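Since this is a predicted model, take the numbers as computed values, not measurements. In what follows, every chain begins at residue 1, and chains take the letters A, B, ... in the order their sequences are listed.
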Number of protein chains: 2
Amino acid sequence: MTIADTNSWRGIQAELLRRINEREWLPGSLVPSEADLAIEFGCARATVNRAMREMADAGLLDRKRKAGTRVALHPTSRVVLDIPIIRLEVEQRGAEWRYSLIESSAEPASLALTSRLGLPRDSEMLHVRSLHYADNRPFLHEDRWINLDLLPHVRSVDFSAISANEWLIQNAPYTAGDISFSAMGADAGLADLLDAPEGAALFVIDRITWDKDRPVTAVRLSYAPGYRMNTKI
Amino acid sequence: MTIADTNSWRGIQAELLRRINEREWLPGSLVPSEADLAIEFGCARATVNRAMREMADAGLLDRKRKAGTRVALHPTSRVVLDIPIIRLEVEQRGAEWRYSLIESSAEPASLALTSRLGLPRDSEMLHVRSLHYADNRPFLHEDRWINLDLLPHVRSVDFSAISANEWLIQNAPYTAGDISFSAMGADAGLADLLDAPEGAALFVIDRITWDKDRPVTAVRLSYAPGYRMNTKI
DNA sequence: TTGATTTATATGTCTGCACATTATAGTCTG
DNA sequence: CAGACTATAATGTGCAGACATATAAATCAA
């Protein structure tokens, strides 16, 4: 019965984590109720609740009213990724960020894209392609389509002065987004741009953002070979 | 002054989100204090706190004592990935999971690995390589090293009957982990195993888990071409 | 002017209480 | 015995108040 030093919610959480990690409470087993734990730790029930709620959010505990709280059977580790502005990502690596616009023009989007976005076929969208550099070496290729219907004044933005990535974050709010990560071989054009051999394995992020069911932008970020996205559990 | 219908913390959170999304509160601007908002919404300060704390955790708000709360300037979108047991991941796709052990043997680990794990050089570790299938097609290659020092009884586990992935999740608790995602070209061996052309771009997850500073296992998961990891913001 | 100290303020957390919500388990009834 | 109803037990949420803590801003001293 090792009572945590402090009866703060962090102390209680640490103690609960210890009991789970050290198999004092086995996966799938029922743990004492909030009220009982509050008595044991000599604190208010709300404090125990605070500690346990976070653990439930993290997937370590399964909680149901009346049924009680159980240690999760399959603790799916939950990973949190922070996706920053590209400029900041480069600068955080201690490299100098540079950006160059390749193309910016209104074009009819492909059927694959419009259908995925729920737009009328042959909708005109702004197609912006650009390259981000870290210390003068290609870092990633940004291939973006912007919904002109939702953001008509984007036509007049000079994307050689500010990256589309940054302009959108500051000017186009979104309420939801779909992201997918994958690996792709570099085609001839990308290989040339990224200064990589053709067929090189590239880390790719595809992202579509929405503002209440209306698509804002669809982007594909293709990173130069060697890129790693790191995080902790 | 649209007061949210309910003065539950969710209602308040929704209203705050609306004000941010609709640019009523601009990025970087100071928002009213908890006390003021509590008065405005006619609720307790704790309720406002609950709503705002979650938004701060999500990176939408920056909060500092005395300085107050500001709308985040660079709303780094925070993505949450659930990394399930491989078997469950395959089954969730509606495919049949199958598993085959390639190799399981105690070997001295490479210097690169031992130094990364903080183990003595030439430490013996259990090297387990296996292949996971979805509907009889190669899904991913699991290349794992297990710390025999920490888990000596793992020598006697039959990894042809249970996957190392699953056994470890159920038997080896960990307190921290480092994960990195990248893209790699398939070498001859992997290409053969995954039934892919040599050089094909593979999505790769490297993960090291720790139990209080002691390494538990290091694993590289190489997914067959075409794999995408999806999530939402 | 500059550096140290104090003060005021916003957030962070805890308490004790109350009621709401949900789902289990038991009971009653036809 | 089956199905409907009811009591109960756990979590979910809210409130008012209190104190803790960090820190920006103001004040004071050299």
Side-chain angles (χ1 to χ4, degrees), chain A residues 2-20 25-73 75 78, chain B residues 2-17 19-20 24-73 75 78:
Chain A
T2 316
I3 301 275
D5 317 335
T6 73
N7 58 348
S8 69
W9 69 269
R10 287 178 188 281
I12 290 170
Q13 193 176 66
E15 169 64 11
L16 301 185
L17 279 171
R18 191 193 62 75
R19 294 186 187 181
I20 293 174
W25 288 344
L26 295 174
S29 68
L30 197 64
V31 316
S33 74
E34 288 188 355
D36 289 348
L37 287 171
I39 293 171
E40 181 189 338
F41 289 118
C43 68
R45 187 168 76 89
T47 307
V48 177
N49 181 280
R50 174 79 193 269
M52 295 181 88
R53 178 163 28 87
E54 293 222 342
M55 294 170 70
D57 287 345
L60 264 87
L61 294 177
D62 285 331
R63 319 195 73 195
K64 270 200 310 207
R65 291 179 185 173
K66 164 76 181 179
T69 301
R70 293 180 177 277
V71 179
L73 218 42
R78 189 155 292 181
Chain B
T2 315
I3 301 275
D5 317 333
T6 73
N7 59 348
S8 69
W9 70 269
R10 286 178 188 281
I12 290 171
Q13 193 175 66
E15 169 64 10
L16 301 185
L17 278 171
R19 293 187 187 181
I20 293 174
E24 215 163 287
W25 287 345
L26 295 175
S29 67
L30 197 64
V31 316
S33 74
E34 289 188 353
D36 290 347
L37 287 171
I39 292 170
E40 180 189 339
F41 290 118
C43 68
R45 186 169 75 89
T47 307
V48 177
N49 181 280
R50 172 81 191 265
M52 296 180 86
R53 178 163 29 88
E54 293 223 341
M55 295 169 71
D57 287 345
L60 264 88
L61 295 176
D62 285 329
R63 318 196 75 195
K64 268 203 309 209
R65 290 179 183 173
K66 162 78 181 178
T69 301
R70 290 178 178 280
V71 180
L73 216 42
R78 190 153 292 180

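Taken from CG in B:N49 to CD in B:E54, the straight-line distance is 10.5 Å, to the nearest 0.5 Å. The line from CD of A:E34 to OG1 of A:T47 is 10.0 Å long, rounded to the nearest 0.5 Å.
Between A:R65 and C:dT21 there is no side-chain N or O to OP1 or OP2 distance below 4.0 Å.
With hydrogens and angles disregarded, a donor-acceptor distance shorter than 3.5 Å links the side chain of B:Q13 to the backbone of B:A51. Checked by atom type and distance alone, the side chain of B:R63 never pairs as donor or acceptor with a backbone atom of B:T69 at under 3.5 Å.
Atom CD in A:Q13 sits about 11 Å away from atom P in C:dC14, given to the nearest Å. Protein atom CG of B:N49 is 16 Å distant from nucleotide atom P of C:dT15, rounded to whole Å. In this structure, NZ of A:K64 is placed 14 Å from C1' of C:dA25, rounded to the nearest angstrom. In this structure, B:W9 places its CH2 atom 16 Å from C1' of C:dA20, rounding to the nearest Å. Residue B:R10 contributes atom CZ, which lies 18 Å from atom P of C:dA20 at whole-angstrom precision.
Taking the C1' atoms of five terminal pairs at each end of the helix from C:dT1-D:dA30 to C:dG30-D:dC1, the two resulting helix axes are inclined by 0°, rounded to 10°.
Of all heavy-atom pairs between A:A72 and A:G59, the closest is CB-O, 3.3 Å. Of all heavy-atom pairs spanning B:V48 and B:C43, the tightest one is CG2-SG, 3.7 Å.
Side-chain contact between A:D62 and A:L73 is absent, with no heavy-atom pair separated by less than 4.5 Å. Here the side chains of A:V31 and A:V71 are in contact, with some heavy-atom distance below 4.5 Å. The shortest side-chain heavy-atom distance between A:E40 and A:L37 falls under the 4.5 Å cut-off.
Between A:R63 and A:K66, the one whose closest nucleotide on DNA chain D sits nearer the 5' end is A:K66. Each of A:A67 and A:R50 lies near DNA chain C, and the nucleotide nearest A:R50 is the one positioned closer to the 5' end. For the pair B:A46 and B:E34, nearest-nucleotide mapping onto DNA chain C gives the more 5' position to B:E34.
Reading DNA chain D from its 5' end, the first and the last nucleotide to sit under 4.0 Å from a heavy atom of chain B are D:dT13 to D:dA24.
A:R45 comes within 4.0 angstrom of a nucleotide base, judged by non-hydrogen atoms across all strands.
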